[in-house]
Amino acid sequence: MPTSQTTQKIPLRHQPDDTGYRLIELPPELESLLESENAPVLTLESSEASALLKTPDKTYALRQKNTSNSVMLLSPTTSTPDSQDQGVSIISTIHETVELELVPQAVATGGPLKNTGSRGKWHERFGKGR
């Protein structure tokens, strides 16, 4: 059956580049912080368990999560002299995402000082000679 409407098609091309992409899921409070006018500098540090993303007052552990659903990163394509088509290109297929997990402050700073039983020993040892 012919229809009176024409169906518009969008060309989709697979043109991966060599850039490695990772998507990071940002917690809402970190997203707000980064979108603020005075966004702070963030740092990445290594730890025994994972990489750490540090803001001025919080620390997040980076965890890679695999997904069974691939995400395709698209880029618009413009028409060329050979083609009048505008469309989109798949530049990367992403199978993993990076999740940020808030690290409790005591763990991020090394935790509270441990009681080693040496309380007052420094004063007893070095204070006598004064």
Side-chain angles (χ1 to χ4, degrees):
M1 281 190 345
T3 63
S4 61
Q5 297 178 350
T6 59
T7 304
Q8 191 121 38
K9 298 178 182 178
I10 300 173
L12 177 66
R13 296 174 183 85
H14 188 253
Q15 297 175 321
D17 61 20
D18 292 332
T19 306
Y21 295 95
R22 292 286 185 263
L23 297 180
I24 299 177
E25 294 181 34
L26 296 178
E29 65 274 3
L30 183 56
E31 181 182 1
S32 298
L33 183 66
L34 291 174
E35 290 178 342
S36 68
E37 285 190 27
N38 297 321
V41 174
L42 305 180
T43 59
L44 282 173
E45 295 181 10
S46 63
S47 74
E48 292 179 20
S50 68
L52 299 174
L53 177 71
K54 293 191 170 194
T55 70
D57 60 345
K58 293 185 180 177
T59 301
Y60 298 89
L62 280 74
R63 308 254 188 249
Q64 180 173 304
K65 301 289 184 177
N66 296 329
T67 179
S68 60
N69 297 325
S70 299
V71 175
M72 290 178 262
L73 188 58
L74 304 176
S75 176
T77 56
T78 57
S79 59
T80 63
D82 300 340
S83 167
Q84 299 299 319
D85 295 334
Q86 290 186 331
V88 291
S89 293
I90 301 170
I91 60 171
S92 183
T93 303
I94 300 170
H95 301 280
E96 305 90 17
T97 59
V98 177
E99 181 181 73
L100 298 180
E101 182 179 292
L102 184 62
V103 176
Q105 193 62 27
V107 174
T109 60
L113 296 177
K114 296 178 182 176
N115 184 358
T116 60
S118 64
R119 183 178 297 160
K121 301 288 186 192
W122 183 88
H123 185 267
E124 290 174 14
R125 188 177 211 184
F126 297 104
K128 289 180 182 178
R130 292 188 166 205

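FYI, side chains are in, hydrogens and waters are out, and symmetry mates aren't considered; it's all heavy atoms of this structure.
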Shortest non-hydrogen separation from L52 to L62 and the atoms involved: C-CD1, 4.0 Å

Matching residue for Q15 among I90, T77, V88 - test: side chain to side chain contact (heavy atoms under 4.5 Å, CB included): T77

Neighbour count >12 (heavy atoms, 6.0 Å) for atom CG, L44: yes

S92 side chain near T19 side chain, heavy-atom distance below 4.5 Å: no

Connected via hydrophobic side-chain network under 4.5 Å: I94 and I91: yes

L26 with Y21, same ILVMFWY side-chain cluster at under 4.5 Å: no

Closest approach of T93 to S70 (non-hydrogen atoms, all atoms of both residues): CG2-CB, 3.7 Å

Atom pair CE (M72) and NE2 (H14), whose distance is rounded to the nearest 0.5 Å: 8.5 Å

Nearest atoms (heavy-atom pairs only) where Y60 meets V103: C-CG2, 4.0 Å

Side-chain donor or acceptor of T67 paired with backbone N/O of N69 under 3.5 Å: yes

E29 side chain near K58 side chain, heavy-atom distance below 4.5 Å: yes

Gap separating the CD atom of E25 from the CD atom of E99, nearest 0.5 angstrom: 5.5 Å

Residue pair I24 / L53, side-chain heavy-atom distance below 4.5 Å: no

Spacing of L100 atom CG and T59 atom OG1 [to the nearest 0.5 Å]: 11.5 Å

Hphob cluster co-occupancy, V98 + L30, side-chain heavy atoms under 4.5 angstrom: yes

